[in-house]
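Keep in mind that what you see is a predicted model, and the values were worked out from it rather than measured.
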Amino acid sequence: MTIALSRRSLLTTALAAAAAAPPAGAGRGWAAAPDPARLTLPRPTGPHPIGTVTLHLVDGERQLMAGVWYPAAGDLRRHPVAPWMAAAPLRALLADNGFDPDIAGPLTAGHAGAAALPGRAPVVVYSHGAGGHRGETTIVVQELASHGYVVVTVDHAHDSYTELPGGRLVVPDDRPVTPWDHAHDIRFVLDRVEDLAVGRNPDAERRPLPPGLGAALDPRRIGMFGWSKGATATALVMHEDRRVRAGLSFDAPMESAPRPAGLDRPFMLMTAQFTRAAEPVEEFWSLLRGWRLGVHAEGAPHTGYCDHQWLIPQAARSMGMSDAELEDWIGTLDPARAVRIQRAYPLAFFDLHLRGRRQRLLEGPSPAFPQVRFIG
């Protein structure tokens, strides 16, 4: 049985975990540890260092910024680690959500422009939530990349905080953006993944790509995950595009999910606020025709599978946030445990369905993760 943390112990535990964790840029060939005043990310656990590159993709009038994360090779010292977000969109994101806009964002474990590790790797594409950004699940993205995946993250047009080439700040605007719009963006990005895999450069400015990047992608093994609106978009993409072999949802309402045919390929729900008790979620679940699994993390808020669960306690420390205010943001799921869940379950899901490796973690409740309930 999971015992809910008190607000006081939650704040204490969260801040202690954030303060003690090695930052993403520290150790094992990463850059030196960042300034103590800067927010930090936990470093990934896989055997591979990580490279990253940003692409500017143009689809008619729609401009998309995408990040590609991949296992890296060679001398990483010449390649600086990338920030979690560019400075201008980070300030806007913080201010719009009531946080101090001068908080320094974390550094990632991704070395900008580093050469890709030789060999074709499975590809996973990420779609963010409403009014979000492509970096909001960097902990999961880096974990996958460190274990040998290429991960492509996308800032959706009119629905994200991002920066276009030349320094133009873009924030979510008043134009309605639906999960179908996210799905359209992702299908366009899948075309660009195929371009990369055959040696073409899809960047609008034709900026140089990291050495070996195209040869590192296996377009025959593609998975997708998303959070909230992006998770609903994951189901929509799979309904329309068979290139995506497996889909993972982080707490989606599924109000626009495909009906009535459902999906015939593997799909996994990781729920928090939008439980299976929600009518659209249960209806979607009932129509899944392939491998399916639902798990629920007790105490997780809607953002419980995103970086927010780890970063907000650090921001709380710098802002003097009260225990009650912190709990409103991160629920009662201990941030360190949330990170372990974020690392383990997505990796196990994609290892099973894109690599064919048996995953006992997905076969039933695990004593290592007492907060995770299996919902059959």
Apply salt bridge (Lys or Arg N to Asp or Glu O under 4.0 Å) to E194 and R243, showing your working. CA-CA 10 Å; E194 292 185 337; R243 286 178 293 184; 3.4 Å; yes

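- Around the CZ atom of R168, the shell of radius 6.0 Å holds no more than 12 heavy atoms that belong to other residues, nucleotides or ligands.
- Counting non-hydrogen atoms of neighbouring residues, nucleotides and ligands closer than 6.0 angstrom, the CZ atom of R120 exceeds 12 such neighbours.
- When ring centroids are compared, W329 and F99 come within the 6.0 Å threshold.
- By the salt bridge (charged side-chain N to carboxylate O under 4.0 Å, His left out) test, R355 is found to be paired with D351, residues two or more places apart in sequence or in another chain being considered.
- Legend: residues meeting ring pair (Phe, Tyr, Trp, His ring centres under 6.0 Å) with H302, ordered by chain and number and at least two apart, are W227, F274.
- With a 6.0 Å cutoff to the six-membered ring centre and a 45° limit on the axis angle, R265 does not count as a cation-pi contact of W291.
- T52 places none of its side-chain heavy atoms less than 4.5 Å from the side chain of V81.
- Within a 6.0 Å sphere centred on CZ of R337, heavy atoms belonging to other residues, nucleotides or ligands number 12 at most.
- Taking A252 as the reference, A231, T232, S249, M254 meet the side chain to side chain contact (heavy atoms under 4.5 Å, CB included) condition, with sequence neighbours excluded.
- Residues satisfying the side chain to side chain contact (heavy atoms under 4.5 Å, CB included) criterion with P210, sequence neighbours excluded, are V53, Y70, L213.
- For H353 and F349, the distance between ring centers is under 6.0 angstrom.
- With sequence neighbours excluded, the residues that form a ring pair (Phe, Tyr, Trp, His ring centres under 6.0 Å) with F369 are Y345.
- Crowding of E205 atom CD: a count of heavy atoms from other residues, nucleotides or ligands under 6.0 Å exceeding 12.
- The aromatic ring centres of H133 and H128 sit 6.0 Å or more apart.
- A130 pairs by the side chain to side chain contact (heavy atoms under 4.5 Å, CB included) definition with D159, K229, not counting sequence neighbours.
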